[in-house]
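These notes concern the structure reproduced below.
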Amino acid sequence: MTEGPPNGGPEPQGAVPGTAPSQWAELLLAERDSLHRFLTGLAGHDPHHVEDLVQETLLRAWQQADRLDWRDRPIRMWLFRVGRHLLIDGWRKDRAVPVGIAPADFPDPLPSPDHAAQTVDRCLLVESLRALTPLHREAVVHVHLLGRAGADVAHALGVPSGTVKSRTHHGLRALRRQLADRGEAA
């Protein structure tokens, strides 16, 4: 008759009857050197990296000891597989491509703004806005210059949002026509 666990609970699934956690530790430590040699062959001769992989593999085996099949399947193959997967995951993590835009993605530095040209453009825009009807000017300024949402503008002005859309559309069309008449690109 085999003895159960000392606490009287059920035997862990897959465990050799009568094995205790101290025996699991002995079995794992017996495989440590072969696991170390195996991972050294795969990872190269960086002793720190290999030791980290060995420790992580043994830790995972210890954490899942109650679910491993200690009797019918050799634990060495499971350790080798887990160690190899940890190594591959590390390689994949190291070669991941960072997301975002790097300064090298911009071919030439952006030119500095020409303040004189900006002043002329601003004067033309103000003159063209003054030529609009007050209702159209108000809608265009709120939506396009101040960047407010159409629904917010409609609520602030007390008109339906369709009216704001219509006033903005007709105001922009008139603004483009005035700038085209002056010979400016709209």
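A quick note: this is a predicted structure, and the numbers were derived from the prediction, not measured. Count residues from 1 along the sequence.
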### Message
Rounded to the nearest 0.5 Å, what separates atom CG in L86 from atom CZ in R60?
### Response
4.5 Å
## Note on the structure
Interatomic distance, CZ@R37 vs CG@L42, rounded to 0.5 Å, equals 13.5 Å
### Query
Can you tell me how far CD of Q55 sits from CG of L35, rounded to the nearest 0.5 angstrom?
11.0 Å
### Closest heavy-atom pair and its distance - F80, F38
O-CE2, 3.5 Å
### Task
Could you go through the side-chain contact (heavy atoms from CB on, under 4.5 Å) check for T119 and R122 one step at a time?
CA-CA 5 Å; T119 304; R122 187 169 290 146; 5.7 Å; no
### Query
Is the number of heavy atoms from other residues, nucleotides or ligands within 6.0 Å of NE2 (H155) greater than 12?
no
### Summary
For L175 and S128, the nearest pair of non-hydrogen atoms, with its separation, is CD1-CB, 3.3 Å
### Message
Membership question, hydrophobic clusters at under 4.5 Å side-chain separation (ILVMFWY): are V82 and L39 in the same one?
### Response
yes
### Task
Give the minimum heavy-atom separation between W78 and T57, together with the two atoms involved.
CZ3-O, 4.4 Å
### Task
Could you tell me whether the side chain of R137 and the main chain of L132 form a donor-acceptor pair under 3.5 Å?
yes
### Message
Between V50 and I88, is there shared hydrophobic-cluster membership here, with clusters defined by ILVMFWY side-chain heavy atoms closer than 4.5 Å?
### Response
yes
### Candidates E56, H49, E51 - the one meeting side-chain contact (heavy atoms from CB on, under 4.5 Å) with L53
H49
### Task
Write down the atom of R76, the atom of E31, and the distance for their closest heavy-atom approach.
NE-OE1, 2.6 Å
### Query
Within a strict 4.5 Å, meaning less than it, do heavy atoms of the L58 and L79 side chains meet?
yes
### Task
Mark yes or no for whether T168, through its side chain, and V164, through its backbone, hold a donor-acceptor pair below 3.5 Å.
yes
### Message
Contact between R32 and L28 at the side-chain level, heavy atoms closer than 4.5 Å - yes or no?
### Response
no
### Query
Do I75 and L29 sit in the same hydrophobic cluster, where Ile, Leu, Val, Met, Phe, Trp and Tyr count as joined when their side-chain heavy atoms come under 4.5 Å apart?
no
### R130/V126 under side-chain contact (heavy atoms from CB on, under 4.5 Å): CA gap, chis, key distance, verdict
CA-CA 6 Å; R130 285 186 180 144; V126 168; 3.6 Å; yes
### Value rounded to 0.5 Å, distance of CD in E138 from CZ in R167
7.0 Å
### Query
Is V159 reachable from V141 through a run of hydrophobic residues whose side-chain heavy atoms are each under 4.5 Å from the next?
no
### Query
Would a hydrophobic clustering, with Ile, Leu, Val, Met, Phe, Trp and Tyr connected at side-chain separations under 4.5 Å, put L135 with L146?
no
### Task
Taking all heavy atoms of A43 and all of L87, pick out the closest pair and write down the distance.
CB-CD1, 3.7 Å
### Query
Under 6.0 Å from the CZ atom of R148, do we count more than 12 heavy atoms belonging to anything else shown?
yes
